[in-house]
Amino acid sequence: MIMGAAGSTVYFNLRLRHPTLDMPLIDYDLALLFQPMLMLGISIGVAFNVMFADWMVTVLLIILFFGTAAKALMKGIQTWKKETMMKKEAEKQLESESKPSDGSGEDYKPLPSGPISLRDEQVPISLNVYWKELLLLVFVWVAFLIVQIVKTYTETCSTMFWVLNSLQVPIATSVTIFEAICLWKGTRVIASKGKEITNWKLHQLFLYCCCGIVAGMVGGLLGLGGGFILGPLFLELGIPPQVASATSTFAMLFSSSMSVVQYYLLNRFPVPYAAYFVLVATIAAFTGQHVVRKIIAVLGRASIVIFILAMTIFVSAISLGGVGIANMVKKMENQEYMGFENFCHQS
């Protein structure tokens with residue numbers, strides 16, 4: 001379901017430009033820093049999902065989702081206040097400039113730094129893709145896919161099994177280290193932050209890479225794509241809400257699709273059931289993109305994206321947590337085993 005929604009959303013976003021800058025809506029350098037670590041974390045998280053009991057996953061899901069929703073809500077309120085101040089400043093400037101003009105009838109454009117988009121037009125996908133960065137991301141995904149496929153022909157927990165698993169570490173770290181060094185030296189920049197110059201420090205880059213791994217582990221453990229973690233994290237980095245949403249979804253497409261592959265190879269993926277939800281999620285994603293863009297255009301507030309993210313995470317915490325608790329109570333009544341499983345005895 002998440003992969004279907006992410007795929008349709010990415011296809012929609014590939015044609016869009018940054019709200020205020022002359023660049024794509026998706027920040028490929030930002031994705032390149034986080035996506036390899038996200039993929040590595042997914043593999044670890046899927047293994048944990050096999051070992052952890054359902055009630056453990058439910059508790060972790062509830063704690064994570066409520067915490068993330070609260071953090072996103074606070075960020076949304078903060079962004080809303082900033083947008084209100086910018087709107088007032090724009091109105092004051094408009095009034096001061098209109099007084100000496102004697103109503104010449106000129107159309108005033110919003111400030112480039114304001115909440116209203118100036119560059120929200122659509123362009124052909126071929127002109128909106130950074131092919132070098134995209135190929136690096138695809139390389140990581142394909143390399144992980146090959147490892148997962150070869151693993152199916154080895155005995156679980158054998159020496160070759162663990163050797164293949166360990167190969168994922170240099171694949172992910174090599175690409176991330178390359179991007180991190182480029183950011184540290186200044187040869188690459190997170191352009192979506194605009195004029196704000198970031199002097200990246202090694203400990204910052206290391207922390208963000210660790211966040212990418214954690215997001216992937218959570219995504220693999222809970223069957224998500226990690227976007228619920230990356231979205232709020234990108235907002236904390238000062239990335240505009242539209243860009244944060246588009247870039248986290250772009251990274252989530254790679255990680256969620258890899259989760260699907262891994263769960264399928266573990267025989268824990270009901271195809272007909274999943275196909276139905278992919279269809280529903282795809283339709284919902286396209287509809288949601290159009291509706292949200294219209295709302296932002298009318299209100300001139302990008303913070304709407306943050307509030308929608310917070311509400312989605314909150315509702316997910318209640319619904320998924322409720323289902324998990326119900327299943328947990330049922331197992332307790334039936335006195336079923338609710339401890340850790342042996343990973344090496346799984347198929």
Side-chain angles (χ1 to χ4, degrees), residues 5-27 69-98 101 103-125 128 192-195 227-228 231-232 234-236 238-250 252 280-316:
S8 57
T9 303
V10 168
Y11 175 77
F12 185 87
N13 289 333
L14 281 175
R15 298 173 295 169
L16 301 180
R17 303 293 288 177
H18 190 284
T20 58
L21 302 174
D22 188 16
M23 62 173 290
L25 182 63
I26 297 173
D27 192 323
K71 187 70 173 178
L73 178 61
M74 297 302 296
K75 187 66 178 181
I77 295 174
Q78 180 183 356
T79 306
W80 179 280
K81 292 179 179 179
K82 288 182 179 179
E83 290 173 342
T84 302
M85 294 176 59
M86 294 169 66
K87 277 178 172 288
K88 291 180 179 179
E89 292 176 1
E91 290 174 359
K92 290 180 180 179
Q93 182 174 350
L94 183 62
E95 291 176 359
S96 62
E97 291 179 355
S98 62
S101 64
S104 59
E106 265 189 43
D107 293 332
Y108 288 91
K109 297 181 179 180
L111 295 176
S113 59
I116 301 177
S117 173
L118 286 180
R119 298 181 180 273
D120 204 20
E121 74 276 3
Q122 297 185 6
V123 299
I125 294 179
N128 216 25
S192 59
K193 298 185 70 172
K195 295 182 180 180
F228 286 126
F234 289 167
L235 293 173
E236 290 297 322
I239 307 298
Q242 302 100 311
V243 181
S245 175
T247 306
S248 61
T249 305
F250 179 67
M252 190 167 62
V280 173
T282 300
I283 297 174
F286 270 115
T287 304
Q289 285 290 325
H290 285 285
V291 172
V292 170
R293 276 169 52 83
K294 293 294 183 182
I295 294 176
I296 293 177
V298 172
L299 299 180
R301 290 182 180 272
S303 56
I304 296 297
V305 176
I306 307 178
F307 287 121
I308 292 175
L309 174 64
M311 182 183 69
T312 303
I313 298 175
F314 180 74
V315 172
S316 299

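Just so it is clear, the model here is predicted, and its values are computed rather than measured.
Listed by chain and number, the residues in a ring-ring contact (aromatic ring centres under 6.0 Å, His included) with F12 are H290 (sequence neighbours excluded). Evaluation of the side chain to side chain contact (heavy atoms under 4.5 Å, CB included) rule for L73 yields I77, F307, A310 as partners, not counting sequence neighbours. The side chain to side chain contact (heavy atoms under 4.5 Å, CB included) test applied to V291 returns T287, I295, not counting sequence neighbours. Scored by the side chain to side chain contact (heavy atoms under 4.5 Å, CB included) test, I239 finds L30, I190, S192, K193, F234, L237, V243, A244 as partners (sequence neighbours excluded). Applying the side chain to side chain donor-acceptor pair (under 3.5 Å) criterion to S303, with sequence neighbours excluded, gives E83. Evaluation of the side chain to side chain contact (heavy atoms under 4.5 Å, CB included) rule for N128 yields R17, P24, V123 as partners, not counting sequence neighbours.
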Does the side-chain hydrogen bond (donor to acceptor under 3.5 Å, both in side chains) test come out yes or no for R301 and T84, once each step is laid out?
-> CA-CA 9 Å; R301 290 182 180 272; T84 302; 3.0 Å; yes

Stepwise, does the side-chain contact (heavy atoms from CB on, under 4.5 Å) test hold for D27 with F250?
-> CA-CA 9 Å; D27 192 323; F250 179 67; over 6 Å; no

Steps toward side-chain contact (heavy atoms from CB on, under 4.5 Å) verdict (W80, I304) = CA-CA 8 Å; W80 179 280; I304 296 297; 4.1 Å; yes

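With values rounded to the nearest 0.5 angstrom, Y11 atom OH is found 5.0 Å from I125 atom CD1. The distance from atom CG of L235 to atom CD1 of I306, rounded to the nearest 0.5 Å, is 4.5 Å.
Proximity of H18 to P240: side-chain heavy atoms (C-beta onward) are separated by under 4.5 Å at one or more points. In this structure the side chain of K75 reaches within 4.5 angstrom of the side chain of Q78, judged on heavy atoms.
With I26 as the fixed residue, the side chain to side chain contact (heavy atoms under 4.5 Å, CB included) test singles out one of L14, T249, L16: L14.
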